[in-house]
Engineer: 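After the structure tokens below, expect a handful of questions from me.
Letters A, B, ... mirror the listed sequences (proteins, then strands); counts begin at 1.
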There are 2 protein chains.
Amino acid sequence: MLIHELSKRTGITIHTIRFYEKSGLIQGKRDAHVKSNNYFHYDEDTVEKLALIRDAKSIGFTLREIGQLMDAWFTNQLSIPEKIAVLDEKLESIDEKIKQLMEMKATISEFKKRVETESC
Amino acid sequence: MLIHELSKRTGITIHTIRFYEKSGLIQGKRDAHVKSNNYFHYDEDTVEKLALIRDAKSIGFTLREIGQLMDAWFTNQLSIPEKIAVLDEKLESIDEKIKQLMEMKATISEFKKRVETESC
DNA sequence: TGCAAGTATAGACCATGCTCTTATGTTGTG
DNA sequence: CACAACATAAGAGCATGGTCTATACTTGCA
């Protein structure tokens with residue numbers, strides 16, 4: 001599919017998709033048979049990648065980290081133990097984030113209680 | 001205390017503290033009696049605020065959101081129901097983040113399993 | 001064939017959150 | 001009183017993650 005369709009299917013703007021491509025997160029392929037243009041073609045994996053980027057970004061991963069994750073996910077540049085190491089690292093950092101969120105939740109809840117009693 | 005001590009006590013650089021002050025997150029007070037300088041003086045609340053900024057930032061709150069939180073926390077610009085509303089909103093957004101983190105954890109764990117079996 | 005819609009590249013511009021430099025004035029200790 | 005250490009303000013510069021504009025070429029349909 002071309003960039004327009006990719007954009008429609010993922011809800012990510014063409015501009016942002018191009019930005020991600022320039023950043024090395026996704027790669028379209030040009031059709032060697034077609035010489036009249038140099039349009040990029042995208043596959044289903046790219047749709048999945050963009051969904052992953054969207055989700056991972058929303059939980060605070062940087063594009064750099066997401067890139068590492070996707071290398072473990074979609075490419076064969078890494079050996080299996082290397083892939084597992086990357087995934088374990090991300091799992092750990094997620095646990096750490098959850099822990100910090102729990103702490104902040106406790107802090108805010110505690111303060112909320114204080115505000116409530118203050119009103120009596 | 002002056003900015004140098006505030007910096008030492010919080011581990012946040014003087015530059016960054018000044019940036020937060022310019023952004024409206026903290027406010028030093030000038031001593032009206034002293035006319036030879038216009039140094040800012042900071043209180044204990046400011047130390048707590050900077051700790052809160054550090055923690056809240058690390059879990060993905062923006063400075064704008066942290067500012068709202070601190071208005072509910074430290075000032076009396078908001079009524080008690082308004083304060084509670086702000087706190088509830090932040091608690092909800094924390095729950096949402098935790099939920100998303102759990103989902104991403106499941107996704108990555110699932111993929112890890114696939115990578116592991118692939119190696120057999 | 002003309003024209004709208006799509007595509008590419010290059011680069012300007014923006015918000016957030018710093019980080020540092022320059023310039024200048026103040027304070028405190030030997 | 002010299003001088004280091006501290007303070008101020010103003011503003012430049014930077015990394016990240018976009019967002020948009022300009023320019024120019026290609027494609028597909030009436």
Engineer: As a test of reading the structure: which of D:dA7, D:dT26, C:dT9 is closest to the side chain of B:His4, going by heavy atoms?
Structural biologist: D:dA7

Engineer: Output yes when a side-chain donor or acceptor of A:Lys97 lies under 3.5 Å from a complementary backbone atom of A:Ile59, and no otherwise.
Structural biologist: yes

Engineer: Side chain of B:Asn37, heavy atoms from C-beta onward: which of C:dT26, D:dT16, C:dG6 has the nearest atom to it?
Structural biologist: C:dT26

Engineer: When we call it a touch if two heavy atoms are under 4.0 Å apart, what does B:Arg18 touch: a base, just sugar-phosphate, or nothing?
Structural biologist: base

Engineer: Can you name the residues that form a side chain to side chain donor-acceptor pair (under 3.5 Å) with A:Glu48, not counting sequence neighbours?
Structural biologist: none

Engineer: Roughly, in whole Å, what's the span from CD1 in B:Ile17 to C1' in C:dG17?
Structural biologist: 15 Å

Engineer: Would you kindly give the CD1-to-P distance between B:Ile3 and D:dC6, to the nearest whole Å?
Structural biologist: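 Atom CD1 in B:Ile3 sits about 12 Å away from atom P in D:dC6.
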
Engineer: Nearest whole Å is fine: how far is C:dG28 P from B:Leu2 CG?
Structural biologist: 9 Å

Engineer: State which of C:dT19, D:dC20, D:dA7 makes the closest approach to the side chain of B:Tyr39.
Structural biologist: D:dA7

Engineer: Check the distance between D:dT8's C1' and B:Lys22's NZ and give it to me in whole angstrom.
Structural biologist: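 Distance, rounded to whole Å: 13 Å.
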
Engineer: Of all the choices, C:dT7, D:dA9, D:dC6, which nucleotide is nearest to the side chain of B:Arg30 once you look at every atom?
Structural biologist: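 That would be D:dA9.
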
Engineer: Please tell me which of B:His15 and B:Thr62 maps to the more 5' nucleotide of DNA chain C, matching each residue to the nucleotide holding its nearest heavy atom.
Structural biologist: B:Thr62

Engineer: To the nearest angstrom, how far is B:Leu25 atom CG from C:dG17 atom C1'?
Structural biologist: 11 Å

Engineer: I want to confirm an ordering. Mapping A:Thr13 and A:Val34 to their closest nucleotides on DNA chain D, which one lands closer to the 5' end?
Structural biologist: A:Thr13

Engineer: Choosing from C:dT16, D:dG18, C:dC18, which nucleotide comes nearest the side chain of B:Lys57?
Structural biologist: C:dC18

Engineer: Rounded to whole Å, how long is the line connecting atom CE of A:Met1 with atom P of D:dT27?
Structural biologist: 20 Å

Engineer: When you measure from the centre of the six-membered ring of A:Phe74, is the NZ or CZ of A:Lys49 under 6.0 Å away and within 45° of the axis?
Structural biologist: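 Yes, a cation-pi geometry.
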
Engineer: Return the value, rounded to whole Å, for the distance between atom CD of A:Glu65 and atom P of D:dT16.
Structural biologist: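 One finds 12 Å between P of D:dT16 and CD of A:Glu65, rounded.
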
Engineer: B:Ile12 has an atom CD1; how far is it from atom C1' of C:dT19, in whole Å?
Structural biologist: 14 Å

Engineer: Does a side-chain N or O from B:Tyr20 land closer than 4.0 Å to OP1 or OP2 of C:dC18, or not?
Structural biologist: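 Affirmative; the distance criterion is met.
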
Engineer: Could you work out which one of C:dT27, C:dA8, D:dT8 sits closest to the side chain of B:Ser36?
Structural biologist: C:dT27

Engineer: Taking the six-membered ring of B:Tyr39, is the NZ or CZ of B:Arg30 close enough (under 6.0 Å from the centre) and on axis enough (within 45°)?
Structural biologist: no

Engineer: Could you please spell out the steps behind the side-chain contact (heavy atoms from CB on, under 4.5 Å) verdict for B:Leu2 and B:Phe40?
Structural biologist: CA-CA 6 Å; B:Leu2 297 178; B:Phe40 286 109; over 6 Å; no

Engineer: Closest approach to the side chain of B:Phe19, judged atom by atom: which nucleotide of D:dT8, C:dT19, C:dA8 is it?
Structural biologist: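 Of the options given, the side chain of B:Phe19 lies nearest C:dT19.
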
